[in-house]
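Everything below concerns the one structure shown next.
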2 protein chains.
Amino acid sequence: MKPRRNTWQREAVRAALVGAHGFVSAQQLHQTLRDSGSTIGLATVYRALASLTEDGEADSIQAPEGENLFMSCGSTGHHHHLICRSCGAARELDATVVEEWASKVGAEHGFAEIEHVIDLFGICAACRAKEA
Amino acid sequence: MKPRRNTWQREAVRAALVGAHGFVSAQQLHQTLRDSGSTIGLATVYRALASLTEDGEADSIQAPEGENLFMSCGSTGHHHHLICRSCGAARELDATVVEEWASKVGAEHGFAEIEHVIDLFGICAACRAKEA
DNA sequence: GGCTAGAATGAGACTCATTCTCATTTAGAA
DNA sequence: TTCTAAATGAGAATGAGTCTCATTCTAGCC
């Protein structure tokens with residue numbers, strides 16, 4: 001882990017990320033912070049998110065639309081998510097089955113350095129209740 | 001399937017996609033076409049790829065860098081890929097195991113309209129041989 | 001507490017994929 | 001052939017994300 005200075009900006013991003021409860025985009029996070037009176041710059045939000053992700057304090061995924069989404073994340077190990085398309089809420093998943101499938105399939109086809117992108121998107125119970 | 005006119009541009013994109021043997025970006029495809037003397041416009045390449053994808057003649061995935069990649073694809077049903085990070089070559093995968101896992105997990109958490117993004121990336125045997 | 005090196009920041013310019021606009025062209029039915 | 005809506009191409013517009021650089025601020029040192 002690289003040396004990091006503690007700045008209020010970095011702390012603000014961390015706090016906003018925790019407060020978001022689910023996946024949010026860097027842009028959303030920046031807007032939220034500005035709306036609450038912060039003068040933080042967009043580039044700084046990106047920088048803070050990148051370093052938090054690097055340090056394992058945050059997880060990032062690619063939304064189907066191509067945007068990068070971030071979420072504060074306790075469990076440090078590799079894991080996957082089930083994300084609500086509507087509100088961004090996420091559940092961590094135990095994907096042992098799939099991990100095994102991935103490495104087996106990779107090996108079978110003679111591929112090395114297998115990485116996998118596995119994410120589930122849906123509409124959570126709460127959001128469905130809201131819409132009805 | 002929407003009505004489509006047959007234009008030489010649409011046909012050119014289809015042909016270039018088939019000729020590519022693997023996943024390619026819209027930009028690459030456009031460049032290839034221009035290089036071979038075509039006057040096709042970039043927007044048209046995007047439009048053609050979008051409609052081919054819609055009609056099930058092509059598959060698209062998001063590269064880890066965020067770019068959209070396309071590949072001509074015979075089998076029409078839903079399926080997944082194992083893609084070579086180096087040359088773009090792809091294998092279609094039978095992902096029954098994972099499909100089942102995805103819907104089971106979704107249901108368990110009370111999520112509806114589950115979609116999943118499952119892609120494997122690696123380095124194929126041919127590319128590893130080349131590098132060595 | 002003050003000093004200083006260099007890390008972090010903010011504004012805005014920039015990149016790059018993708019989409020949009022709109023005038024022009026063209027496929028295909030009549 | 002004629003006609004009309006669909007398709008095209010050029011380039012402007014968009015939007016996420018990165019980069020630059022002058023300025024500010026953290027943290028170790030006195």
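Worth knowing before you read on, the calculation uses all heavy atoms, side chains too, and leaves out hydrogens, waters and symmetry mates. Treat the numbers as computed from the prediction; the structure is a model and nothing was measured. Below, chain A is the first sequence line, B the second, and so on; all start at residue 1.
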**Asked** Do side-chain atoms of A:His21 reach the backbone of A:Met71 as a donor and acceptor pair under 3.5 angstrom?
**Response** no
**Message:** Keeping A:Ser38 on the side-chain end and A:Arg34 on the backbone end, is there a donor-acceptor pair under 3.5 Å?
**Reply:** no
**Request:** Please work out whether the ring planes of B:His81 and B:Phe23 are parallel, tilted or perpendicular, with thresholds of 30° and 60°.
**Result:** perpendicular
Please report, rounded to the nearest Å, how far the [atom2] atom of [N] is from the [atom1] atom of [X].
X: A:Arg10; N: D:dT24; atom1: CZ; atom2: C1'; result: 18 Å
X: A:Phe23; N: D:dA16; atom1: CZ; atom2: P; result: 18 Å
X: B:Asn6; N: C:dG28; atom1: CG; atom2: C1'; result: 10 Å
X: A:Phe70; N: D:dA16; atom1: CZ; atom2: C1'; result: 11 Å
X: B:Glu11; N: C:dA27; atom1: CD; atom2: C1'; result: 14 Å
X: A:Gln28; N: D:dG15; atom1: CD; atom2: C1'; result: 14 Å
X: A:Arg4; N: D:dA27; atom1: CZ; atom2: C1'; result: 16 Å
X: A:Gln62; N: C:dT18; atom1: CD; atom2: P; result: 11 Å

Does [X] put a side-chain nitrogen or oxygen below 4.0 Å from OP1 or OP2 of [N]?
X: A:Asn68; N: D:dA16; value: no
X: A:Gln9; N: C:dA8; value: no
X: B:Thr7; N: D:dT8; value: yes

**Prompt:** Which of residues 33-53 of chain A sit near DNA chain D, with a heavy atom under 4.0 Å from it?
**Reply:** A:Ala43, A:Tyr46, A:Arg47
**Asked** Do A:Phe70 and A:Ser25 come within less than 4.5 Å of each other through their side chains, counting heavy atoms only?
**Response** no
**Prompt:** Do A:Cys124 and A:Cys87 come close enough that some side-chain heavy atom pair is under 4.5 Å?
**Reply:** yes
**Request:** Check if the side chain of A:Arg5 and the base of D:dA27 share a donor-acceptor pair of N or O atoms closer than 3.5 Å.
**Result:** no
**Request:** Check every atom of D:dG17, C:dT9, D:dT8 against the side chain of A:Gln27 and return the nucleotide holding the closest atom.
**Result:** D:dG17
**Item:** Selected nucleotide, minimal atom distance to B:Trp8 side chain, candidates C:dT26, D:dG9, C:dA17
**Value:** D:dG9
**Prompt:** Does the pair A:Arg10/A:Asp55 count as a salt bridge with the N-to-O cut at 4.0 Å?
**Reply:** yes
**Request:** Salt-bridge test for B:Glu113 and A:Arg128: reply yes if a basic N is under 4.0 Å from a carboxylate O, no otherwise.
**Result:** no
